[in-house]
Amino acid sequence: MMLEMTQKEEKFIIPIGPQHPALKEPGHFEFAVDGELVTDATVRLGYVHRGIEKGAEARNWNQNLYLVERICGICSHIHAFTYARGVERLAEVEVPPRAQAIRVLVAELERIHSHMLWFGVAAHEAGFDTLFMFSWRDRETIMDILEGLTGNRVNYSANVLGGVKFDVTDEHRKTILEAVDFMEKRTKHYLNVVTTDAMFLQRTRGIGVANLQQAHRLGILGPTARASGVKRDVRVDAPYSAYKQFPIKMVVETAGDLEARFVVRLKELFESYRLIREILNNMPEGDLQVKRFPRRIKPGEVISRVEAPRGEVFYYIRSNGGEMPERLKVRTPTMMNMASVLAMAVGHQLADMPMLLVGIDPCFSCNDRGVAICNSKGDHDQWTWERLRQHGIDFYAEKV
Amino acid sequence: MEAIGNIVSLLFFPGGLFVIFAGLMYEWLDHKIIARSQNRIGPRWFQPIADAIKLLTKEEIVPDGVNPVLFAILPLIALAGALTAALYVPMAGLKPAYSFAGDLIVTVYMLSLLTLSIGLAGANAKERFSLVGSTRALTQLFAYEAPFLLALLGPAIAAGSWQISEIVAYTETHTWMMILQPIGFVVALIGLMGKLELPPFDSPEAETEIVAGALTEYSGRGLAIFHLGKGAELIIGLTLITAFYMGGVSNPVWFLVKTVGLLAVLAALQSLMTRLRIDQTVGMWWRYGALLVLLQWLIIVVVQLV
Amino acid sequence: MNITQEWNDILDKVKTWARVNSPWLIHYNSGSCNGCDIEILATLTPRYDAERLGVKLQGSPRHADVLVCTGPVTMQSRDRLQRIYDQMPDPKFVVAVGSCAISGGAFQGCYNVIGHIDEVIPVDAYIPGCPPRPEAIIDGLVKLLTAIKTGAPIQTEKPEELLDVV
Amino acid sequence: MKIATMFSDVVGSFWKKPATVQYPFERVEAPTRLRGKLEWDPEKCTGCSLCSKDCPADAIEIITIDKKAKRFVMQYHMDRCTYCAQCIESCRFSCIEMSDEQWELAATSKVPFEVSYGREEDLAEALAKFALADTVETE
Ligand code: SF4
Ligand code: SF4
Ligand code: SF4
Ligand code: SF4
Ligand code: SF4
Ligand code: SF4
Ligand code: SF4
Ligand code: SF4
């Protein structure tokens with residue numbers, strides 16, 4: 001033990017984060033390097049931990065819709081969707097089919113914006129700024145649609161408990177279809193770029209490989225897993241909401257390297273485009289919301305799973321019959337994928353680290369829970385889960 | 001009288017203020033072309049000037065643990081090196097201020113002084129990103145220096161002189177070296193990109209990996225001076241290559257046209273490529289760059305013999 | 001005397017001009033939901049291209065003039081925020097982007113949230129919205145720069161030292 | 001394996017107009033559904049306070065001057081609002097709207113973020129009774 005400690009201290013540690021240009025969010029990674037080669041990697045999370053799960057117990061069912069939406073600004077709709085779906089099942093309320101279709105429509109638009117965002121950031125990490133600029137330029141067409149449709153570019157607040165807030169008019173339908181055509185053309189181009197550009201492939205092909213066994217063992221989710229050949233997609237495995245009516249095909253690649261992750265995400269976009277067209281052309285008629293959604297929800301518990309752009313989002317919701325949830329538990333995909341970065345990092349060049357990191361499309365805001373991963377000295381002011389929980393309990397006890 | 005002339009040439013033209021100012025304008029042009037190729041508007045023409053003035057008037061923080069003398073003096077050495085180099089090249093199409101046999105070698109090494117100072121500055125800062133940055137900067141220096149110099153020697157051999165003014169006189173009266181020695185031209189161009197740490201050879205200051213590389217800890221004045229040095233290096237490098245490979249620079253108009261043309265090519269190359277890892281950069285230089293130039297030399301020698 | 005006076009005036013004008021035309025940003029997320037962060041990034045991309053206003057996103061606090069903060073301040077990121085602020089060379093400015101950076105927004109009252117940015121470091125401009133549109137972010141930045149240009153009073157005192165929560 | 005696959009985009013951009021909007025110099029209209037600053041109509045309000053109860057950010061306070069006469073004042077905290085429009089959904093009497101024009105809300109101090117809505121006489125009374133913020137907007 002002692003021996004290991006002293007060895008560790010002699011290593012040259014390169015920290016990435018919490019404030020670092022490669023990370024738009026504060027995560028903290030430490031890579032032990034030998035020259036340029038990474039020999040060890042650790043992560044420290046928790047900079048963005050806000051205590052949402054505990055906070056949710058002090059807010060009513062309506063307020064929580066917006067709180068969970070702000071777990072993350074990139075897949076905000078997915079969180080509200082998952083939560084609303086759970087609460088509606090708990091309250092045994094049937095959401096009108098048109099509302100379901102609109103929810104899925106927004107979810108797919110969000111997937112496009114999220115994948116394009118990731119694509120640009122990944123290109124930026126690779127030092128290919130032109131690709132970053134062009135992909136973000138094209139992403140703006142989707143942002144325009146989302147803003148025109150929902151009224152905000154990021155936290156759309158499309159949902160209310162029991163339905164959605166707005167309708168899709170004919171005019172929207174037209175602009176969305178046009179934008180989707182444009183995006184499809186561009187996506188084809190980008191797919192061509194990432195699979196043929198020799199310079200780019202040098203940074204992606206064969207880098208950060210996670211094979212099928214590793215993917216299973218590490219419990220990777222979402223496109224990252226599908227790039228390693230894991231056939232796992234909630235939209236296909238357990239269709240929910242309007243996905244029952246509008247099924248989606250799963251995109252799987254087997255190489256498991258960074259290139260495969262690019263290919264899976266870009267190919268998924270084509271499925272999204274197809275689905276959006278299908279929904280718009282076969283939009284069910286009917287109401288947008290149920291007449292009255294109960295303010296108190298009868299006791300019970302429910303789980304709700306939805307496929308976010310980065311993988312499965314999982315909610316557990318328990319009610320004790322009051323105006324507020326008794327427990328809300330969120331499990332997000334990046335949390336599950338984080339371990340894979342650390343496993344893949346060892347043996348790669350330091351210069352590959354940002355690429356490896358973005359390979360899983362990480363975003364910390366949803367996975368910042370009090371995970372304690374101690375460094376060699378153990379002198380960080382770390383908040384363990386237990387300490388946080390105790391603090392949370394004390395905090396609210398004091399308030400009452 | 002001569003002393004006054006010397007001071008003028010050192011401080012104003014063709015060294016000093018002129019090179020600094022021209023360097024800033026070329027830097028703007030570079031950014032502007034890149035911005036336009038990315039379908040956006042890009043910076044205004046006075047942007048680099050505003051940046052430089054702002055940095056010069058900002059507080060300069062000397063971090064703990066550095067050698068303060070080195071910290072302050074390294075940027076000056078870098079800039080002085082670049083400005084001295086400017087005296088030996090046909091700046092703005094005019095005759096170099098000084099000239100002696102073998103000044104080509106001196107010029108190239110004066111330019112390297114900048115990279116060397118940056119490397120030392122990074123090592124001095126004792127901060128992790130700076131250290132990695134400086135290691136990378138020096139590794140890269142080691143990698144491109146030889147091919148770049150060899151590529152510049154191609155025209156020198158053809159002209160049979162190692163004196164810049166004589167080589168230029170030779171290239172002005174002959175077919176463009178770019179056509180006679182295409183390999184040398186390409187290597188020199190890419191060597192210049194490596195020297196200036198432009199993408200795709202910007203791993204010494206790769207923002208997404210090591211923040212700002214060796215200069216991470218520099219603020220205010222030091223950063224500004226390094227910045228000015230980079231600008232000077234850009235314009236000197238462009239001048240050298242146009243003078244050697246693109247039919248010389250006989251007057252200011254030709255100078256402007258040719259260097260700007262070359263800059264546009266550089267900018268386009270920058271916007272088309274993905275950053276190379278440092279091991280890829282070094283590998284590429286030694287495996288292809290150096291060998292290609294040797295091949296070029298061989299061709300020159302054979303042609304001259306025949 | 002008069003000449004030095006005039007000279008100083010000119011020098012001041014040049015300084016202010018350079019400062020206003022070359023705001024280099026550094027961005028720190030002290031607990032946000034990413035929403036504001038991606039909108040800040042979007043202001044740099046072709047549609048909004050903040051570079052035409054001289055804006056550049058810097059990685060090192062030593063190179064930056066304006067600290068752009070997003071999100072409420074969580075317990076763990078408080079020290080970091082303070083440290084980044086301290087590392088920046090003078091003159092420095094702070095912009096709080098998004099409702100949670102200004103007031104805590106949807107997260108006010110959560111146990112791990114200390115509060116908003118100006119409880120930790122002084123803030124010079126506030127941009128409400130959740131998140132503000134990129135145009136609104138540019139608008140906020142322009143308002144800050146205008147204030148610097150006209151020399152309008154911007155908050156510069158430090159907030160009172162926080163009670164140590166833990 | 002190709003090199004320079006972005007060539008057509010890069011070269012094409014030189015002939016195209018930049019995609020950049022001229023924002024601070026030219027203002028483009030926001031979409032009509034945009035959720036900007038909140039606006040409140042005191043005439044329809046019944047004082048049920050559902051809006052403030054459901055607000056996730058505690059951004060609305062309904063101050064009762066006289067319940068029978070339906071005289072209320074709304075204190076709106078622009079800096080807390082998350083622009084989520086739940087209040088619009090919760091209000092059964094459509095008193096609340098969100099402006100698609102007022103979205104340039106940035107300021108160099110927090111003072112303009114406190115907004116009080118209401119009829120003039122109500123505001124005057126509320127101001128006398130409670131200490132309200134400086135910025136007062138009358139309908
Ligand atoms: S993985 Fe989490 S944070 Fe990331 S986009 Fe999805 S829900 Fe949001
Ligand atoms: S949170 Fe519960 S379900 Fe999830 S891994 Fe832990 S014990 Fe299992
Ligand atoms: S993974 Fe988390 S931080 Fe990232 S976008 Fe999703 S919710 Fe946000
Ligand atoms: S881990 Fe994330 S979702 Fe859970 S309480 Fe913390 S910030 Fe909220
Ligand atoms: S935190 Fe718990 S569930 Fe997660 S890896 Fe550790 S022991 Fe397993
Ligand atoms: S203001 Fe809104 S969008 Fe911005 S970080 Fe806070 S919750 Fe997210
Ligand atoms: S828009 Fe949302 S946050 Fe703003 S006042 Fe209404 S309910 Fe509250
Ligand atoms: S919900 Fe409507 S009627 Fe009720 S207090 Fe609010 S604004 Fe007035």
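Chain A is the first sequence line, chain B the second, and so forth, proteins listed ahead of strands; every chain is numbered from 1.
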- Check whether A/N152 gets within reach of chain C through its side chain, its backbone, both or neither, counting any heavy atom under 4.5 Å. side chain
- Please state whether the side chain, the backbone, both or neither of A/Q63 comes within less than 4.5 Å of a heavy atom of chain C.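 Neither part, no heavy atoms under 4.5 Å.
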- Task: Using a strict 4.0 Å threshold on nitrogen-to-oxygen distance, state whether A/D138 and C/R47 make a salt bridge.
- Result: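 The answer is no: the pair does not qualify as a salt bridge.
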What distance separates [X] [atom1] from [Y] [atom2], expressed to the nearest 0.5 Å?
X: A/D129; Y: C/T45; atom1: CG; atom2: OG1; value: 11.5 Å
X: C/D49; Y: A/M133; atom1: CG; atom2: CE; value: 7.0 Å
X: C/N34; Y: A/N155; atom1: CG; atom2: CG; value: 10.0 Å

Taking the side chain as every heavy atom from C-beta outward, state whether [X] and [Y] have any pair of such atoms under 4.5 Å apart.
X: A/F132; Y: C/L44; answer: no
X: C/I38; Y: A/R139; answer: yes
X: C/L41; Y: A/L117; answer: no
X: C/E39; Y: A/V154; answer: yes
X: C/C33; Y: A/E69; answer: no

- Who passes side-chain contact (heavy atoms from CB on, under 4.5 Å) against C/P23, sequence neighbours left out?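 side-chain contact (heavy atoms from CB on, under 4.5 Å) check on C/P23 returns C/V55, C/V66, C/L145.
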- Query: With chain A, which of C/G105, C/G71, C/A42, C/G129 has the greatest number of heavy-atom pairs at distances under 4.5 Å?
  - Reply: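 Highest number of pairs under 4.5 Å: C/A42.
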- Query: When only pairs under 4.5 Å are counted, which of C/P72, C/C130, C/A106 shares the most heavy-atom pairs with chain A?
  - Reply: C/C130
- Message: To check you understand the geometry: which heavy-atom pair defines the closest contact between A/R59 and C/F107, and what is its length?
- Response: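 Between these two residues, the closest heavy atoms are NH2-C, 4.0 Å.
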- Message: I'd like to check the side-chain hydrogen bond (donor to acceptor under 3.5 Å, both in side chains) partners of C/E135; sequence neighbours left out, ordered by chain and number.
- Response: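 Residues passing side-chain hydrogen bond (donor to acceptor under 3.5 Å, both in side chains) with C/E135: none at all.
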